[in-house]
*Asks:* 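Here it is, the structure, as structure tokens.
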Protein chains: 2
Amino acid sequence: MQSNKITKILKAIADPTRRDIFHALVIAASALPITEVSAQFEISRQGVTKHLKTLENAGLVEITTQGRERFCSADPKPLKAVQKWLQFYEQFWGDALSNLENFLDNKNIKE
Amino acid sequence: MQSNKITKILKAIADPTRRDIFHALVIAASALPITEVSAQFEISRQGVTKHLKTLENAGLVEITTQGRERFCSADPKPLKAVQKWLQFYEQFWGDALSNLENFLDNKNIKE
DNA sequence: GCTTTTTATTCTATTTTAATTATATTTGCA
DNA sequence: TGCAAATATAATTAAAATAGAATAAAAAGC
């Protein structure tokens with residue numbers, strides 16, 4: 001996948017199962033081995049592993065090996081990039097016309 | 001696509017071309033016919049139309065027919081759902097996490 | 001009416017994604 | 001040593017997404 005960071009992150013969280021896995025890791029008290037993660041889901045352990053790799057590739061999950069186990073923990077920080085992307089469009093929520101004027105004012109391209 | 005609202009929205013904005021199309025419509029002064037939208041992109045008009053349908057299905061674009069033309073305009077409001085989804089995780093990239101990082105950093109310095 | 005413009009529709013090919021099964025590897029432990 | 005646990009890897013299947021070509025249809029303008 002040769003896509004940029006924000007695209008990786010958005011694709012990672014666009015899948016409901018991956019959002020569930022991510023959420024389970026965020027609220028977990030500690031890092032969880034893959035078996036323990038996959039035990040919480042209907043799909044196979046291999047399926048969960050692939051989702052974890054996608055999340056890891058987006059920076060949303062960290063996986064560290066300890067003995068024969070691989071411990072997974074969530075890292076929500078990359079979601080800041082999504083929040084930043086949203087910020088631009090936030091000014092257009094609400095009344096369309098006045099917000100467009102705000103945007104044009106900010107850009108100094110209006111009169 | 002038989003998925004819930006937030007999944008539709010995230011999938012819609014997970015594609016870079018669709019983000020570009022959406023952005024072009026947001027900053028457009030008025031609604032644009034499909035031909036005018038597709039003129040701004042390398043891909044075919046059919047491709048742009050499909051992306052517009054995906055965006056429309058997510059509620060991010062409104063398309064109204066007027067004569068033989070179909071005018072497209074952006075509606076950023078559904079992005080609120082994404083912001084709301086992010087809000088829960090915001091607390092995990094705040095103080096608690098950086099405190100943990102500080103602790104680990106200090107530990108490394110002492111060793 | 002005829003032509004051009006705008007768009008939809010149908011069809012096809014390619015790629016990506018999601019998930020499973022089967023097999024192999026590594027590690028911990030009796 | 002030998003077995004069970006945890007995981008990886010490979011092969012495969014099925015479905016969905018992406019994109020474009022060809023064709024059809026509707027509306028605008030002459």
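Proteins come first, then strands; the chains are lettered A, B, ... in the order of their sequence lines, and each starts at number 1.
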*Asks:* Atom CG of A:N57 and atom P of C:dT16: how far apart are they, to the nearest Å?
*Replies:* 14 Å
*Asks:* Below the 4.0 Å mark, does D:dA8 have OP1 or OP2 next to a side-chain nitrogen or oxygen of A:R70?
*Replies:* yes
*Asks:* Specify the closest pair of heavy atoms between B:C72 and B:L25, including all atoms of both residues, with the distance to one decimal.
*Replies:* O-CD2, 3.6 Å
*Asks:* Rounded off to whole Å, could you give me the CD1-to-P distance for the A:I34 and D:dT9 pair?
*Replies:* 10 Å
*Asks:* Between A:Q46 and A:H51, name the one whose nearest nucleotide on DNA chain C is closer to the 5' end.
*Replies:*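 It is A:H51 whose nearest nucleotide is closer to the 5' end.
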*Asks:* What I want to check is whether the side chains of B:T49 and B:R70 have a donor and an acceptor closer together than 3.5 Å.
*Replies:*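 Their side chains do not contain a donor-acceptor pair, so the 3.5 Å distance test is not met.
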*Asks:* Ignoring hydrogens and angles, are the base of C:dT20 and the side chain of A:K50 linked by a donor-acceptor pair under 3.5 Å?
*Replies:* yes
*Asks:* With a non-hydrogen cut-off below 4.0 angstrom, is A:E69 in contact with a base, only sugar-phosphate, or nothing?
*Replies:*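 Here A:E69 touches the backbone only, sparing every base.
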*Asks:* Using whole Å, what does the distance between atom P of nucleotide C:dT16 and atom NZ of A:K8 come to?
*Replies:* 14 Å
*Asks:* Can a side-chain donor-acceptor contact be found between B:T7 and B:N4 if the only test is distance below 3.5 angstrom?
*Replies:* yes
*Asks:* Test your reading of the model: is there a side-chain donor-acceptor pair from B:R18 to the backbone of B:A12, 3.5 Å cut-off?
*Replies:* yes
*Asks:* Sequence neighbours left out, cut at 3.5 Å: what donor-acceptor pairs do the side chains of residues 81-88 of chain A make with other protein atoms?
*Replies:*
{"residue": "A:Q83", "atom": "NE2", "partner": "B:E90", "partner atom": "OE2", "Å": "3.2"}

*Asks:* When you check the phosphate oxygens OP1 and OP2 of D:dT18, does a side-chain N or O of B:R18 lie under 4.0 Å from one of them?
*Replies:*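 Yes, such a contact exists.
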*Asks:* Rounded off to whole Å, could you give me the CZ-to-P distance for the A:F41 and C:dT20 pair?
*Replies:*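 Whole-Å distance recorded here is 13 Å.
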*Asks:* If you assign each of A:G67 and A:E42 to its closest nucleotide in DNA chain C, which residue comes earlier from the 5' end?
*Replies:* A:E42
*Asks:* Side chain of A:D15 only, heavy atoms from C-beta on: which candidate in C:dT7, D:dG20, C:dA18 is closest?
*Replies:*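 In terms of side-chain proximity for A:D15, the closest of C:dT7, D:dG20, C:dA18 is C:dA18.
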*Asks:* Hey, does A:T65 reach any base, or is it just sugar-phosphate, or nothing, if we go heavy atoms under 4.0 Å?
*Replies:*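 Answer is nothing: A:T65 stays at 4.0 Å or more from every strand.
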*Asks:* Rounding to an integer number of Å, can you tell me how far B:F71 CZ sits from C:dA8 P?
*Replies:* 13 Å
*Asks:* Could you tell me how far apart A:Q66 (CD) and C:dG28 (C1') are, to the nearest whole angstrom?
*Replies:* 13 Å
*Asks:* For D:dG29 and B:R68 - does any side-chain N or O of the residue sit under 4.0 Å from the phosphate oxygens OP1/OP2?
*Replies:* no
*Asks:* Students often get this wrong, so: under 4.0 angstrom with heavy atoms, is B:G47 touching a base, only sugar-phosphate, or nothing?
*Replies:*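 It contacts nothing in the nucleic acid.
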*Asks:* Tell me: CD of A:E56 to P of D:dA8, nearest whole Å?
*Replies:*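 Value for this atom pair: 10 Å.
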*Asks:* From D:dA22, C:dT20, D:dT7, pick the nucleotide closest to the side chain of A:S44?
*Replies:*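 Among the listed nucleotides, the one closest to the side chain of A:S44 is C:dT20.
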*Asks:* Quickly work out the B:R45 CZ to D:dT23 C1' distance and round it to whole Å.
*Replies:* 11 Å
